[in-house]
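We count ligands from 1, going down the list as the structure has it; atoms in each ligand are counted the same way. We're numbering straight along the sequence, starting at 1. Side chains included, hydrogens not; waters and symmetry mates left out as well; all remaining heavy atoms used.
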Amino acid sequence: MGEKKRGHLFVISAPSGTGKTSLVKAVVEKDPTISLAISTTTRKPRKGEIDGKDYFFVSRNTFEKKEQNNEFLEWAFVYGNFYGTSLSTVEECLENKKNIILEIDWQGALQVKKKCHPSEVSLVFIKPPSLKTLKARLEMRGQDSQSTIQKRLGLAKTELLKSSYFDYVIINDKFYRALNELYELIEHKMQ
Ligand code: 5GP
């Protein structure tokens, strides 16, 4: 096998409440050689979230300046807030032969697919087993109001249609099964 020239970029997207964050966290714990990119957002931190660990929390003004300076590989307006991925962080990782995961929405994922070389990026979409399960998970999470849950469910229907643009689709029915599938896919790509 030839020497690896650059790292690989994994883009993971899913409707809110699909369990994407837990899956990605578990994959990174299983294989610490993969790093998880920290996004920049204009969203206010939730209870327990730490600036520079969960996100870089910035003002709308700062976000716009970064966008104008072309500091983002991709950015999108999601559920009422701006989110973006640092171009230099991703480029540095790939250059140093490190593999990196972006946990971003489908709009951002499609921008990444357009901008990166196909051999360097894999787009993975995580699906809930059904919309009914998704509703139950959002309610159980207890993080959002009923109106937010309804809004997110409405959006999920549109988001699920976008899975056809992704390279891989994983159904998160049983957590450990989905985790294994994601882990194997990632390990296989990294060889
Ligand atoms: P949350 O506010 O719940 O952490 O994230 C809301 C949504 O924004 C999720 O779908 C998440 O994947 C997405 N998101 C987080 N960071 C980024 C980013 O850097 N770019 C894009 N396009 N979406 C992001």
Side-chain angles (χ1 to χ4, degrees), residues 9-28 35-60 62-67 69-94 100-116 121-128 131 134-135 137-145 147-163 165-166 168-170 172 178 182:
L9 179 58
F10 296 93
V11 179
I12 320 264
S13 299
S16 172
T18 309
K20 165 189 57 168
T21 306
S22 312
L23 279 173
V24 168
K25 227 179 110 197
V27 162
V28 175
S35 48
L36 179 59
I38 302 166
S39 297
T40 299
T41 184
T42 59
R43 169 165 79 60
K44 294 273 171 290
R46 292 192 189 114
K47 219 174 154 199
E49 282 183 332
I50 298 166
D51 185 38
K53 185 171 172 278
D54 298 288
Y55 281 105
F56 294 109
F57 296 101
V58 299
S59 67
R60 175 112 180 220
T62 304
F63 192 96
E64 277 168 6
K65 278 197 190 129
K66 284 178 178 291
E67 193 269 309
N69 288 338
N70 295 317
E71 286 179 40
F72 294 127
L73 166 65
E74 63 73 35
W75 67 270
F77 188 67
V78 192
Y79 311 134
N81 293 292
F82 288 94
Y83 294 83
T85 304
S86 158
L87 175 61
S88 58
T89 304
V90 170
E91 201 29 60
E92 222 169 88
C93 274
L94 298 181
I100 183 164
I101 296 183
L102 308 184
E103 192 196 317
I104 63 177
D105 90 309
W106 67 269
Q107 306 172 79
L110 298 190
Q111 291 174 47
V112 174
K113 190 170 187 171
K114 253 193 210 158
K115 284 189 185 166
C116 295
V121 57
S122 299
L123 260 55
V124 185
F125 195 92
I126 314 281
K127 268 186 176 178
L131 282 171
L134 187 63
K135 182 166 182 272
R137 284 185 189 164
L138 283 170
E139 283 170 350
M140 226 167 59
R141 195 160 73 165
Q143 212 171 58
D144 308 297
S145 64
S147 72
T148 305
I149 290 176
Q150 285 310 325
K151 225 190 287 169
R152 291 198 168 198
L153 276 174
L155 284 169
K157 288 182 193 158
T158 319
E159 289 166 357
L160 288 169
L161 294 174
K162 308 296 174 190
S163 62
Y165 297 107
F166 282 64
Y168 305 94
V169 174
I170 292 176
N172 188 10
L182 180 62

- [ ] Run the numbers on Phe82 and Glu67 for side chain to side chain contact (heavy atoms under 4.5 Å, CB included), then give the verdict.
- [x] CA-CA 10 Å; Phe82 288 94; Glu67 193 269 309; over 6 Å; no

Task: Side chains of Ser88 and Ser86, donor plus acceptor under 3.5 Å - done: yes

Open item on the list: If you define the side chain from C-beta out and look only at heavy atoms, does anything of Ile12 sit under 4.5 Å from Leu182?
Closed with: yes

TODO: With side chain to side chain contact (heavy atoms under 4.5 Å, CB included) as the test, would you mind laying out the steps for Leu102 and Leu73 before giving the verdict?
DONE: CA-CA 11 Å; Leu102 308 184; Leu73 166 65; 4.2 Å; yes

Task: Neighbour count above 12 (heavy atom, 6.0 Å) for Phe77 CZ - done: yes

- [ ] Return the set of residues passing side chain to side chain donor-acceptor pair (under 3.5 Å) with Lys66 (not counting sequence neighbours), or none when no residue passes.
- [x] Glu71

TODO: For ligand 1, list the protein residues that place a heavy atom within a distance below 4.0 Å of one of its atoms, sorted by chain and number.
DONE: Lys20, Ser39, Arg43, Arg46, Tyr55, Glu74, Ala76, Val78, Tyr79, Tyr83, Gly84, Thr85, Glu103, Ile104, Asp105, Gly108

